[in-house]
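Lettering follows sequence order; numbering is per chain, from 1.
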Protein chains: 2
Amino acid sequence: MTRDGGPGATGVDPEQLWLSAGQSRRGRRPAFSREAITAAAVALADAEGLEAVTMRRVAAQVGAGVMSLYSYASDKETLLELMVDHVSGELPASVALSGDWRADLKAVAHDQRDLMLRHPWLPAALSTRRSLGPNTLAFLERALAALRPTGLDGTAKLEVFAQLTAFVAGHVAHEVLQAAAVRSPDRVAAEARYLATVAADGHHPELAEALAAPARALTPEATFTRFLNRLIDGLGTD
Amino acid sequence: MTRDGGPGATGVDPEQLWLSAGQSRRGRRPAFSREAITAAAVALADAEGLEAVTMRRVAAQVGAGVMSLYSYASDKETLLELMVDHVSGELPASVALSGDWRADLKAVAHDQRDLMLRHPWLPAALSTRRSLGPNTLAFLERALAALRPTGLDGTAKLEVFAQLTAFVAGHVAHEVLQAAAVRSPDRVAAEARYLATVAADGHHPELAEALAAPARALTPEATFTRFLNRLIDGLGTD
DNA sequence: TCTATTCTCGTACACTGTACGGAAATAGAG
DNA sequence: CTCTATTTCCGTACAGTGTACGAGAATAGA
């Protein structure tokens, strides 16, 4: 059951998740690892989408019984949080900062976008959850460092980071949706027919004109960069 | 099973959904209506989140047998799409435009945000789906009209609208998450303790400083407006 | 060797979306 | 009117979900 930001969504206790005691010498030796299980779940999500990540399929992937997973993640929600932090480990946590905070912040955003394109389920996962795991925090640390020259106070810096992440996630979610749609030409054709019908009804003149106008094919990358630049260049001008 | 933007996500055929033939005189007379069913689903999502929207609960709410719903929406995915367009009907589709396209566009974004705050499940629902229903298209029509003075070509206008929507959805998703977290003080305390622990480990100096800095309490509304203004004021400057 | 601890995982249960098919209701044809 | 085609209603059933429970296996220290 996927969480969705509705009332009652509380998340997982970060203390218990990320600060759990280290290895215990007593008892049966673990046959698997949190790392391996998380990686399997991520691979599944990458290949077939978030909905393919079921406890049974993850267990099968890893060669474990289903209930064994619960020794490593007390919850499916916890597993999802682990997945988010796991892929965040791909983000470059330490990169030389240029001192030009706008440029540095743009680099941060591009890194985030690249990550989300590699893991298209990430925007959806983030829209309901926010990780406070070590990898996420390491990346946050870098972003805060990039923002140091702005002289913003702590709250403002955290806010900028949150907004930036939300912006990137929103953009990539749309980009991914677009890309998925394009991969099924029947759908595209059906949608085009439908929109043409709507445009022809006379009640949508602007839409009709917009659809009629020639489409300069702009890469998603270029679109992203333009909007990102607009957002960031505007920062600190008030 | 919620869709999630992973590979294979194709969506629903808009022709079949929105252009289905009108009333058919033959056969048993419908006891319910698409409208009522959709409204019940929306009410459920508003009150308890998207995960509470199950076919059984919607049917119960409406006084129908579960399988009767499938006469009105061939799919749960279809029902979700209906929900999105349903609430989009709350958006003011026709409002006098000022001619100042930046101001008009900001108004559009504020309308979207208000809608999403009223229906906190909407950002998550949109991150995986995009509606082409009549209400959505009516609002799009207004946004395109607002963009007319820019002289942008059709593709660019559509892109701006998509980006703006993504931006708003991203912001509100974060805002809602924050608000939900605040409603459970134990979680907030646990998180604060956890972050303090991390900040004290010496590896997160920027985070430590950011957390130590005093928090100017800024309303979410103000934060949204600031970032929105930055984004929109930057448009058309290149 | 005994015991406490830890991990493994088969079984079971409540819940999900929905395929199937029979019963009920209606409109038009004869 | 009857007959038939069509549509809606919905009980039942089934495969699939997350996970509670608890019995067994493995290990470390006493």
Just the atom pairs and distances: protein N or O near nucleotides 6-8 of chain D's N or O, under 3.5 Å.
from: D:dT7; atom 1: O2; to: B:R28; atom 2: N; distance (Å): 3.2
from: D:dT8; atom 1: O2; to: B:R28; atom 2: NH1; distance (Å): 3.3

task = Only counting residues at least two apart or in another chain, list the ones meeting salt bridge (charged side-chain N to carboxylate O under 4.0 Å, His left out) with B:E206.
result = A:R148

key: Atom-pair distance (CG on B:L79; P on C:dG17), nearest Å   = 10 Å

ask   = With sugar-phosphate meaning primed atoms plus P, OP1 and OP2, does A:V53 contact a base, only sugar-phosphate, or nothing at under 4.0 Å between heavy atoms?
value = sugar-phosphate

message = Just to verify, what does B:D13 make a salt bridge (charged side-chain N to carboxylate O under 4.0 Å, His left out) with, not counting sequence neighbours?
response = none

query = Excluding sequence neighbours, so at least two apart, what forms ring pair (Phe, Tyr, Trp, His ring centres under 6.0 Å) with A:F224?
reply = A:H110, A:H171

query = Base, sugar-phosphate, or nothing for A:A64, non-hydrogen atoms under 4.0 angstrom?
reply = sugar-phosphate

query = Taking OH from A:Y70 and C1' from C:dT6, how many angstroms apart are they, rounded to a whole number?
reply = 19 Å

query = Over how many whole Å does the gap from A:M55 atom CE to C:dA14 atom C1' extend?
reply = 17 Å

query = If we ignore angles and hydrogens, is there a donor and acceptor under 3.5 Å between the side chains of A:Q112 and A:T165?
reply = yes

Can I get a per-line list of side-chain donor-acceptor pairs under 3.5 Å for residues 57-68 of chain B, giving both atom names and the distance, sequence neighbours left out?
from: B:R57; atom 1: NH1; to: B:E48; atom 2: OE1; distance (Å): 2.9
from: B:R57; atom 1: NH2; to: B:E48; atom 2: OE2; distance (Å): 2.8

key: Interatomic distance, B:E51 CD vs C:dC15 P [rounded to whole Å]   = 14 Å

query = What is the distance from CZ of A:R57 to P of D:dA15, rounded to the nearest Å?
reply = 18 Å

Separation of C:dT16 C1' from B:L50 CG (nearest whole Å) = 15 Å

message = Listing request: all side-chain hydrogen bond (donor to acceptor under 3.5 Å, both in side chains) pairs with a residue in residues 26-37 of chain B, at least two apart in sequence or in separate chains.
response = none

inquiry  = With a 3.5 Å cut-off and heavy atoms only, can you find an N or O donor on one side and an acceptor on the other between the side chain of B:R56 and the base of C:dG17?
reply    = yes

task = Compare side-chain N and O positions of A:S68 against OP1 and OP2 of C:dC7 and report whether any pair is under 4.0 Å apart.
result = no

ask   = Do you know the tightest heavy-atom contact between B:L132 and A:Y194?
value = O-OH, 2.6 Å

key: Spacing of B:M67 atom CE relative to C:dG21 atom C1', expressed in whole Å   = 11 Å

query = Could you give the CG-to-P distance, from A:L69 to C:dC9, as a whole number of Å?
reply = 10 Å

